[in-house]
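Comments concern the structure below.
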Amino acid sequence: MLENTIEATEIKSSGELLKTIEGLKSDGYRYSTMICLKANEGHDFIYVFEKDNKLKNLRYFVKPGEKPKSVSGIYLCALLIENEYQDLFGLTFEGLAIDYKGHLYLTPNSPKAPLA
Amino acid sequence: MTTVIPFGPQHPVLPEPVSLKLEIDNDVVVGALPSLGYVHRGLEKFIDTKDYNQTTYICERICGICSALHGITYTKAVEKLFDAEIPERAEYIRVIVGELNRLHSHLLWLGLFADGFGFESLFYECWKYREEVLDVAERITGNRVIHSISKVGGVSRDLTKENIDMLLKMCDSLEPKIKDIEKVFVNNYTVKQRLVGLATMSKQLAYEAGTAGPTLRGSGNAIDVRETADWDIYKDLGFKTAVAKEGDCYGRTKVRIDELYESIKLIRNAISKLPNGDIATPIKGFPTGEAIMRTEQPRGEVVYYVKGNGTKNLERLKVRTPTFANIPSLLLMLPGVRLADVPIVVLTIDPCISCTER
Amino acid sequence: MSLAKSPWIIHVNCNSCNGCDIEVVACLTPLYDAERFGVLNIGTPKQADIMVVTGSVNYKNVNVIKNIYNQIPDPKVVLAVGACASTGGIFHNCYNVIGGVDQVIPVDAYVPGCCPRPEAILDGVVAALSILENKKKGNIKGKEVKLKGKEVPSNA
Amino acid sequence: MNMTDILIAALVIFVAPIIGCLYAGIDRKITARLQGRVGPPLLQPYYDVKKLLSKDNMVVNPSQNFYVVVYVAFLILSLLMLVFRADILMIIFVYTVSSIALIVGGMSTGSPYARVGSSREIMAILAYEPILILYALAIYLLTGTFKLSAVVDASTPLLVYTPLIFIAMIVVLNIKLKKSPFDYSTSHHAHQELVKGMLTEYSGPGMAGIEIGHFYEYVFLTGLIFVFWAVNPLIGLIISAAAFFFVTLIDNITARVYWQWMLKLSWSVLLILSIVNIAFLYFSEATIM
């Protein structure tokens with residue numbers, strides 16, 4: 001068991017996720033970043049939001065083969081990090097504002113999904 | 001008629017390879033699409049082969065300009081995993097080196113920015129003063145650019161009496177010189193012609209676009225991670241956040257110049273309060289758990305996420321660098337500016353592409 | 001002697017961490033003042049003599065660097081500045097790094113260090129000058145490097 | 001045309017680039033000193049040209065070097081006409097042809113940077129050409145002829161009656177030498193958003209030709225300033241040298257501005273200055289003969 005984990009609110013479904021994030025935006029939270037981890041065959045997302053220098057984290061588990069919803073419709077600045085994870089983890093986000101189709105960093109010659 | 005002008009990846013104004021495809025309609029930019037990946041090395045994967053001590057050196061080479069603060073933030077994040085108590089003297093030395101880093105980075109940026117709007121003598125002036133900072137940094141840490149001062153558990157080198165004298169002398173000689181270049185940046189007619197009202201972001205827009213650092217503070221948001229509880233040493237040093245209300249390139253320049261004074265003040269205060277004692281505490285074992293650490297780099301807030309799994313390698317290292325947060329704001333700022341202003345607008349966020357792509 | 005008195009350099013940042021880059025720029029600034037030797041940091045490859053490369057090569061910039069090399073008129077010299085440009089350095093076995101610049105284009109001189117001091121870089125430029133003179137005397141032309149988008153070096 | 005004229009012409013063709021080269025060297029040295037550097041050797045421009053001549057010639061368009069030849073040829077022609085005190089209006093037109101040759105050359109290379117740089121240079125021509133014409137007009141009003149020989153043989157120097165036009169001409173000098181704040185079409189170190197603007201695609205001998213052209217241009221522009229005090233060559237030389245130093249100084253204390261700003265400046269301030277001066281000459285019926 002891991003010690004000193006960061007506090008994070010567990011989110012169960014993608015619909016709930018988008019709704020929570022919309023709620024956070026209207027509360028005046030800023031999108032800080034998103035962290036993607038490999039976990040149990042799928043991926044763990046930790047969304048990090050910030051307000052008044054305090055962090056608020058959301059944890060969401062992406063099941064294997066699931067196409068996660070993009071947050072870039074709510075926070076435009078999310079598009080870069082989501083494109084990065086498309087490159088590095090081979091994920092596919094739905095509804096990206098600008099979709100580099102997995103070629104933000106990598107070219108057709110580069111290794112595919114190196115972090116996956 | 002729109003013409004497409006390729007801006008980069010190899011371009012004299014930008015020292016770094018970022019490519020912008022600019023759609024130009026009658027000298028005005030109507031669309032811009034950045035293309036990244038020319039500096040992508042894949043450092044987040046690299047930690048698999050290095051243990052958590054060696055990763056410090058990898059983190060310092062994420063970017064050669066803000067390298068000290070990358071190293072410091074990483075080591076502080078790992079120390080969080082260990083719940084380690086770090087000697088106070090080490091923390092003060094970290095602050096001093098971090099602020100030296102900010103001084104040289106801001107002077108570097110001011111120079112490049114001046115070059116961006118074609119003011120060559122100002123460029124040379126800023127870089128001349130920057131050398132003074134580098135000399136001191138070299139004396140303290142042993143290297144001009146990559147400082148490698150921070151290690152897990154403390155710092156690797158102590159400040160000697162001679163170093164402290166050098167630091168104070170540098171602070172005294174630098175302050176009037178910064179006043180000189182401030183006069184030019186703030187008052188010169190042609191500089192103001194170029195900067196005032198260019199690429200304005202409102203307070204609200206800058207906040208919502210998730211920008212960081214001087215880009216955010218130049219729009220009137222007084223947000224600086226140095227004020228947070230993550231690293232509370234800054235509170236004792238009397239830190240004050242620099243803000244400008246303008247929200248344009250002029251405002252961002254003013255913020256950075258104010259931060260130069262602030263850094264000098266912080267170095268002086270840190271020296272006057274510098275406690276005696278050890279500079280490092282031994283740390284044993286392997287890290288477990290996860291931690292988020294944030295500090296304020298010259299370019300803005302950096303977020304480090306580390307996750308250990310009880311082995312000597314970290315399981316995951318994620319770095320959100322300030323430029324990464326600022327690049328989306330370029331998409332908002334670029335449409336509507338003239339082609340002649342594109343380098344200024346790109347430089348105004350102080351892009352650090354090797355940070356962004358890692 | 002005409003070449004050695006007026007070396008115009010083009011600075012190419014490949015995959016560098018900026019450390020070497022700012023040191024290359026620092027060479028031009030008042031303390032080191034490379035213009036004493038006639039060195040100009042020229043922006044366009046068509047007018048350059050010395051190609052100063054910092055950083056290793058990755059899959060995305062490999063064609064950029066070949067392109068710039070082909071655009072420099074003969075005689076030309078490539079100077080690899082820093083550990084990364086020489087061998088790949090600390091990043092040599094990262095997944096996206098092909099290796100040093102010499103994997104892609106012929107390199108004539110190396111400046112080691114992470115990162116090299118401006119004095120070392122100036123020394124490298126001076127070393128490159130004599131190579132430039134020899135190339136002019138022997139009428140040695142740089143080979144045109146083929147652009148192959150799909151090509152991946154064998155040791156990648 | 002007699003033997004002496006041919007000798008003088010030959011002398012001008014050979015000596016002018018040497019003077020221009022020295023001027024460029026001094027300019028770079030002064031600039032470096034103003035920037036706190038040691039700076040290149042005085043003969044650096046000469047080394048640069050010599051090196052460029054020994055490089056390979058790389059062209060994107062076979063005709064681009066032809067335009068360089070036109071540029072240099074018309075510059076030499078305008079310089080010769082200036083030396084032989086020909087018609088000032090004619091000189092200005094010949095000089096304009098040389099500038100246009102460079103623009104067409106830049107356009108012909110097809111690079112987007114060169115194209116944008118060339119169109120900005122057209123704006124520069126639009127900005128300074130009216131001032132040059134008014135300058136010629138002032139000479140006509142004062143001497144009753146467009147011939148430059150009249151100015152040289154005059155009893156009073158031109159500057160006494162045309163101080164406002166002199167100020168405008170200094171700015172024109174600044175624009176023509178492509179110094180900051182007007183270095184947007186092409187810059188000397190290629191450190192701007194357009195790389196090297198309209199000269200981006202030139203290399204080797206082609207670039208050397210342009211540099212030599214610049215040398216002639218320096219001498220020609222000095223000549224235009226010299227005319228203001230042509231009655232006494234020594235004072236004329238001092239004035240033109242001071243004007244060049246002033247331009248170098250301005251280069252170092254200003255940022256680059258937009259071409260829109262330049263058009264505004266020249267079509268309002270400079271044009272009004274010149275017209276006021278012309279009006280004064282017209283109504284006072286002054287003469288320097």
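Every chain is numbered from 1, with letters handed out A, B, ... down the list of sequences. This structure is a prediction, so every number in the text was calculated from the model and none was measured.
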Test side chain to side chain contact (heavy atoms under 4.5 Å, CB included) applied to Arg30(A) and Leu216(B), step by step: CA-CA 12 Å; Arg30(A) 272 151 52 80; Leu216(B) 179 64; 3.7 Å; yes
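- Listed by sequence position, Lys25(A) are the residues of residues 19-27 of chain A in contact with chain B, using a 4.5 angstrom heavy-atom cutoff.
- A salt bridge does not link Arg320(B) to Glu50(A): none of the charged side-chain nitrogens sits closer than 4.0 Å to a carboxylate oxygen.
- Heavy-atom distances place no part of Leu330(B) under 4.5 Å from chain A, backbone and side chain included.
- Residues satisfying the side chain to side chain donor-acceptor pair (under 3.5 Å) criterion with Thr215(B), sequence neighbours excluded, are Asn326(B).
- Residue-environment remark: NZ (Lys50(B)) exceeds the threshold of 12 foreign heavy atoms within 6.0 Å.
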Thr356(B)/Glu84(A) under side chain to side chain contact (heavy atoms under 4.5 Å, CB included): CA gap, chis, key distance, verdict: CA-CA 11 Å; Thr356(B) 311; Glu84(A) 178 179 322; over 6 Å; no
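- For the pair Glu290(B) and Ile46(A), the minimum side-chain heavy-atom distance is below 4.5 Å.
- Between Lys318(B) atom NZ and Leu37(A) atom CG the span is 11.0 Å, to the nearest 0.5 Å.
- Residue pairs meeting the side-chain hydrogen bond (donor to acceptor under 3.5 Å, both in side chains) criterion with at least one partner in residues 202-214 of chain B, sequence neighbours excluded, are Gln204(B)-Glu208(B).
- Looking at every heavy atom in both residues, Cys77(A) comes nearest to Ala209(B) through CB-O, 3.3 Å.
- His70(B) pairs by the side chain to side chain donor-acceptor pair (under 3.5 Å) definition with Gln297(B), Tyr304(B), not counting sequence neighbours.
- Side chain of Arg316(B) to backbone of Cys36(A): a donor-acceptor contact under 3.5 angstrom is found.
- Across Thr33(A), Val48(A), Asn57(A), the residue that shares the most heavy-atom pairs under 4.5 angstrom with chain B is Thr33(A).
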